Amino acid sequence: MSKLGNLGARLHRGEIGYDFVKNRKIWYGLSILITITAIVGLAVRGLNMGIEFQGGAVFTTPKNISVSVSQAEEYAETASGHDAIVQKLGDGSLRIQVAGIETDKANQIKAQLSDDLKVDGEQINAELVGPSWGEQIADKAWQGLGIFLFLVVIYLAIAFEWRMALAAFVALIHDITITVGIYALVGFEVTPGTVIGLLTILGYSLYDTVVVFDSLKEQTKDLTKQTRWTYSDVANRSINSTLVRSINTTVVALLPVAGLLFIGGGVLGAGMLNDISLSLFVGLAAGAYSSIFIATPLVADLKEREPAMKALKKRVLAKRAQSAAKGETPVQGGDEAFADEPDDAAPAVVGPRNQPASRTRGRGRPSGKRR
């Protein structure tokens, strides 16, 4: 077995682990800091909305034009008075995109470009894009996002409980806010592809969260019938038991997206890939982070406000203090709590799998019968 596989098996059995829940205030503080930075960036810089949302014109030159991208960009900005985005297409033609211009000005820009590029004006294809189309896309995206979040909360509240639904909702908002804030700070153009990427990452983020919640639900059945572990202990075990799985799925998903963003968008200059690849890359990373460091610790916080869980925690701590006073090694709240079978009636799913009774039990002891 590989080292990573062995690590995952030991995490799943509870032999080793990290106390994520105990250090939850650190993760909360880090997330608040990142979120505030994203909001400030969004408020100060704003989003660089694409032509689909602002309206404008797209000019396509003939094939195999000899003008460079940077020179064409300079010509377009001079002719329009606005920022321009120029992309070289596979057939050698140039796609010149100018946002925020009026319809009647497009003909003047086209004429000026034909002179600067030394191309016949009839060979330059001009397409006008109205801002209403982008507004319709944005409205539909917001509607889809609202419906998605509503259905997610309802499903999780039914399949699990309302506290898990609330924690998953907070994690999703956390992921969206960070992704949008990164867009504002980096200055990448927001296009319909960006909207698609934002909606896509919600599914990935929710998947990781539900995996942990499912494990937590299974391991907390009849939890109040024992006095070895608190709800936070079991929540921490659930995170550790699914940790390697979450890391593997996230890394596998991030690798092709990183190829699109850094190689396709950065090295090859395929700017059209940046809009969707950045949202996917940031969203996937933020989703993996929130499912481990935000959602489950938040559920533990909410659950331990319940009277039954408060009473359980009080009994567990009292028993540990009693064991410490007797000089025994007290069972702590970390993963070492799962190393031994409980003395009392704990649910089997909390501890390791039940071992068969030893076949040597009773050997060497007098049977009580006289020979």
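All values below were derived from every heavy atom in this structure, side-chain atoms included, with hydrogens, water molecules and symmetry-related copies excluded. Please read all numbers here as calculations on a predicted model, not as lab measurements.
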Participant: Answer with yes or no whether the side chains of Gln112 and Asp116 bring together a donor and an acceptor at under 3.5 Å.
Facilitator: yes
Participant: Look up atom CG in Asp233 and atom NZ in Lys22, then write down how far apart they are to the nearest 0.5 Å.
Facilitator: 11.0 Å
Participant: Report the C-alpha separation of Val234 and Leu223 in whole Å, then their side-chain angles, then the decisive distance to 0.1 Å, and conclude whether the side chain to side chain contact (heavy atoms under 4.5 Å, CB included) test is met.
Facilitator: CA-CA 9 Å; Val234 183; Leu223 184 64; 3.7 Å; yes
Participant: Is it possible for you to say whether Phe213 and Val211 belong to one hydrophobic cluster, with membership spreading through side-chain heavy-atom contacts below 4.5 Å?
Facilitator: no
Participant: Counting only N and O atoms by type, is there a donor-acceptor contact under 3.5 Å from the side chain of Lys314 to the main-chain atoms of Met309?
Facilitator: no
Participant: Under 3.5 Å, is there a donor-acceptor pair between the Tyr231 and Asn236 side chains?
Facilitator: no
Participant: Name the residue from Leu284, Leu280, Val282, Thr194 that meets the side chain to side chain contact (heavy atoms under 4.5 Å, CB included) definition with Thr179.
Facilitator: Val282
Participant: Can you find a pair of side-chain heavy atoms, one from Asp208 and one from Thr242, that are under 4.5 Å apart?
Facilitator: no
Participant: Given 3.5 Å as the limit, does a donor-acceptor pair link the side chain of Arg45 with the main chain of Ala184, or not?
Facilitator: yes
Participant: Let me confirm one number: the OG1-CD1 distance from Thr209 to Ile292, rounded to the nearest 0.5 Å.
Facilitator: 9.5 Å
Participant: Quick one: OG1 on Thr230 to NZ on Lys303, what's the gap to the nearest 0.5 Å?
Facilitator: 12.5 Å
Participant: Between Asp120 and Ser114, which heavy-atom pair has the shortest distance, and what is it?
Facilitator: C-CB, 4.4 Å
Participant: For Leu94 and Phe59, what are the C-alpha separation, side-chain angles and deciding distance, and is it a side chain to side chain contact (heavy atoms under 4.5 Å, CB included)?
Facilitator: CA-CA 8 Å; Leu94 297 178; Phe59 304 96; over 6 Å; no
Participant: What pair of heavy atoms forms the shortest contact from Val58 to Gln97, and how long is it?
Facilitator: CG2-CG, 4.3 Å
Participant: Using 0.5 Å steps for rounding, measure from the CD1 atom of Ile239 to the OG atom of Ser291.
Facilitator: 8.5 Å
Participant: Answer yes or no: is there a side-chain heavy-atom contact under 4.5 Å between Ile34 and Leu30?
Facilitator: yes
Participant: Determine whether Val40 and Leu185 fall in the same hydrophobic cluster, where Ile, Leu, Val, Met, Phe, Trp and Tyr are linked whenever their side-chain heavy atoms lie under 4.5 Å apart.
Facilitator: no
Participant: What pairs meet the ring pair (Phe, Tyr, Trp, His ring centres under 6.0 Å) rule with one or both residues in residues 274-326, with sequence neighbours excluded?
Facilitator: Phe20-Phe293, Trp27-Phe293, His174-Tyr289, Phe262-Phe281, Tyr289-Phe293
Participant: Identify the two heavy atoms, one from Leu278 and one from Phe188, that lie closest to each other, and give their separation to 0.1 Å.
Facilitator: CD2-CD2, 3.3 Å
Participant: Look at the side chain of Ser241 and the backbone N and O of Ser238, then say whether any donor-acceptor pair between them is shorter than 3.5 Å.
Facilitator: yes
Participant: Is it the case that Arg320 and Gln322 place a side-chain donor and acceptor less than 3.5 Å from each other?
Facilitator: no
Participant: Write down the atom of Ala57, the atom of Leu128, and the distance for their closest heavy-atom approach.
Facilitator: CB-CD2, 3.8 Å
Participant: Considering only heavy atoms from C-beta outward, does the side chain of Asp214 approach that of Phe160 to under 4.5 Å?
Facilitator: yes
Participant: Scan side-chain atoms only and decide if Glu304 and Ser232 contain a donor-acceptor pair under the 3.5 Å cut-off.
Facilitator: yes
Participant: Are Tyr75 and Val67 side-chain neighbours, meaning at least one heavy-atom pair lies under 4.5 Å?
Facilitator: yes
Participant: Got a second to check how far Thr37's OG1 is from Ile178's CD1, nearest 0.5 Å?
Facilitator: 9.5 Å
Participant: So which atom in Val257 and which in Ala253 form the shortest heavy-atom distance, rounded to 0.1 Å?
Facilitator: CG2-O, 3.3 Å
Participant: If you count heavy atoms of other groups shown closer than 6.0 angstrom to NZ of Lys110, is the number above 12?
Facilitator: yes
Participant: Decide, yes or no, whether a salt bridge links Asp222 with Lys225 under the criterion of side-chain N to carboxylate O below 4.0 Å.
Facilitator: yes
Participant: Just do the side chain to side chain contact (heavy atoms under 4.5 Å, CB included) check on Lys319 and Val316 with the steps written out, would you?
Facilitator: CA-CA 5 Å; Lys319 184 173 181 180; Val316 171; 5.9 Å; no
Participant: Could you tell me which non-hydrogen atom of Ala288 sits nearest to which non-hydrogen atom of Thr250, and how far apart they are?
Facilitator: CB-OG1, 3.3 Å
Participant: Less than 4.5 Å apart, side chain to side chain, heavy atoms only: is that true for Glu127 and Asn125?
Facilitator: yes
Participant: Does a side chain donor of either Gln219 or Ser215 reach within less than 3.5 Å of an acceptor in the other side chain?
Facilitator: yes
Participant: Would you check if the side chain of Glu77 reaches a backbone N or O of Glu74 as a donor-acceptor pair within less than 3.5 Å?
Facilitator: no
Participant: Do Val180 and Ile39 share a hydrophobic cluster, counting only Ile, Leu, Val, Met, Phe, Trp and Tyr and linking them when any side-chain heavy atoms are less than 4.5 Å apart?
Facilitator: no
Participant: Can Ile85 be reached from Val98 by stepping across I, L, V, M, F, W or Y side chains whose heavy atoms are under 4.5 Å apart?
Facilitator: no
Participant: Do other residues, nucleotides or ligands put more than 12 heavy atoms under 6.0 Å from Arg245 CZ?
Facilitator: no
Participant: Does a side-chain heavy-atom distance below 4.5 Å link Arg24 with Asp301?
Facilitator: yes
Participant: One thing to verify: whether Glu306 and Arg163 come together as a salt bridge, which I'm taking to mean a side-chain N less than 4.0 angstrom from a carboxylate O.
Facilitator: yes
Participant: Set out, in order, the CA-CA distance, both residues' side-chain angles and the distance that settles side chain to side chain contact (heavy atoms under 4.5 Å, CB included) for Leu172 and Ser205, then state yes or no.
Facilitator: CA-CA 7 Å; Leu172 289 175; Ser205 175; 3.7 Å; yes
Participant: How long is the straight-line distance from CD1 of Ile109 back to CD1 of Ile96, given to the nearest 0.5 Å?
Facilitator: 10.0 Å
Participant: Examine Val190 and Leu42 and state if one hydrophobic cluster contains both, with Ile, Leu, Val, Met, Phe, Trp and Tyr joined whenever side-chain heavy atoms are less than 4.5 Å apart.
Facilitator: yes
